[in-house]
Engineer: 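Here it is: the structure, laid out below.
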Amino acid sequence: MQYFSLNNNAKAVGFEKAVRSGLAPDRGLYYPQQINALTDSFWDNFLSMNHHEIALAAIEQFVGDEIPKQELQKIVEDTLTFPFPVVELNQNLATLELFHGPTMAFKDVGGRFMARCLGYFNQTTIEKVTVLVATSGDTGGAVASGFLGVPGVEVVILYPKGKVSHIQELQLTTQGQNITALEIDGVFDDCQEMVKTAFLDETLKPHRNLTSANSINVARWLPQSFYYFFAVQELMKRKVNKPFVFSVPSGNFGNICAGFIARELGLPISHFIASTNQNDTFPRYMENGIFEPKPSVQTISNAMDVGNPSNFDRISKLFNQDLYRLKNICSSYRFSDKETHKAMQDLYENTSYIADPHGAIGYLGLQKYCEENPDIYGVFLETAHPVKFLDVVEKAIKTKVNIPPQIKEILDRTPEKTSISSYRELKDFLIDNAV
Ligand SMILES: *Cc1c(COP(=O)(O)O)cnc(C)c1O
């Protein structure tokens, strides 16, 4: 498969090159040259396939012949080692739990897949890569866990000081080995900005081959389509025969954009809801057709505190810049912290379900959509385990949350981090510590 740059000013590249570079040289996002719907024989067998078979069929065309099928199958099997339960909350409502991986957020799927692809490519090259990644909370942990010990890969994580939860900070600062955490004096946007500057900095090139593990990287983004298939398969097995509507708590819009890809591949999803917090660049775009990024504001759903969603160009491309077409399959709503808090309480009181603040926003999006479209089956994505936002969740539901073993394990570790307050310091750090 060839990938072209959405800025149209760089040459098309294969999968390996797209993964190794993250962003195209013209700063554009890579996008697949074509997307072919899955065949009739896939759909004939869909209900009897296991997760590994489904995932392999979904990703195959995007990798092409750059990873042999047997190897790709192994990568898929090693990536998907945990369940994706669809938990029904009432007759017309379920949540798709994406938090059963090692760092308890959906980003484990893309992080693990990308790490294994790079690991495969690195078997035949001596070229070392540095994965430079900005995190608003969950990406850092997933990337740290996914890339731990992968030969030829150094990981450098930038996170905003004091703006990630305690557990999130432990997940990204206590891995050691090839993982380094940098605490940035600023907000998430500052971290993202420093990463972008580093990518553009020609004088860094002799020292480091930089790539990104944010959802701009195709190997992080595309595997996120897998679990939409798993959920739809499960609903079909349960003989749900209403239109499926998925509500996706969104920040950088990689997750929902992977859902759109699943739909392009033929998956019967009738509508998507992009649910956001007060960082509402996308819902504003849906209202007035103007894409106007704003600086991010801090909310209790911190993984979605993104003012300039990086996957917007891909969504635009997918719908041919046609807002009317986009509105046909996607709605978007924003919610305040107060509403999020109340949603966690309502869910707990009415269904005994403990949602995290991001899942709660997904739930709110569905509720809003159902006011005018009641005859649907709604699924909201539970993108992280509530334990990752312990303070906020326990305050909302006034009950203690059980700490799962993956988290218990890291609670008594000591964080190791370096403080950075300017791009200059980051650059010096990257040069001084290059291996
Ligand atoms: C990253 C993240 C999101 C946002 O996902 P995008 O793909 O950036 O839209 C939502 N919820 C949680 C818990 C996350 O970690």
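Predicted model, so just to flag it, every value in this text is computed and none were measured. Counting starts at 1 for both ligands and their atoms, in listed order.
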Engineer: Hey, which residues fall under 4.0 Å of ligand 1 on heavy atoms?
Structural biologist: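 Around ligand 1, where the cutoff is 4.0 Å for heavy atoms, the contacting residues are F106, K107, D138, P249, S250, G251, N252, F253, G254, N255, A303, M304, H358, T383, A384.
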Engineer: Do F260 and F319 make the cut of ring centroids closer than 6.0 angstrom?
Structural biologist: yes
Engineer: Any chance CD of E339 has more than 12 other-residue heavy atoms, nucleotides or ligands included, within less than 6.0 Å?
Structural biologist: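 It does: E339 CD has more than 12 such atoms within range.
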Engineer: Among F229, F230, F82, F46, which one satisfies ring-ring contact (aromatic ring centres under 6.0 Å, His included) with H51?
Structural biologist: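 Of the listed residues F229, F230, F82, F46, the ring-ring contact (aromatic ring centres under 6.0 Å, His included) partner of H51 is F230.
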Engineer: Once the angle between the rings of H271 and Y369 is folded into 0 to 90°, is it parallel (under 30°), tilted (30 to 60°) or perpendicular (over 60°)?
Structural biologist: parallel
Engineer: With ring centroids as reference points, do Y285 and F312 lie under 6.0 angstrom apart?
Structural biologist: yes
Engineer: Does Q91 CD have over 12 foreign heavy atoms under 6.0 Å away?
Structural biologist: no
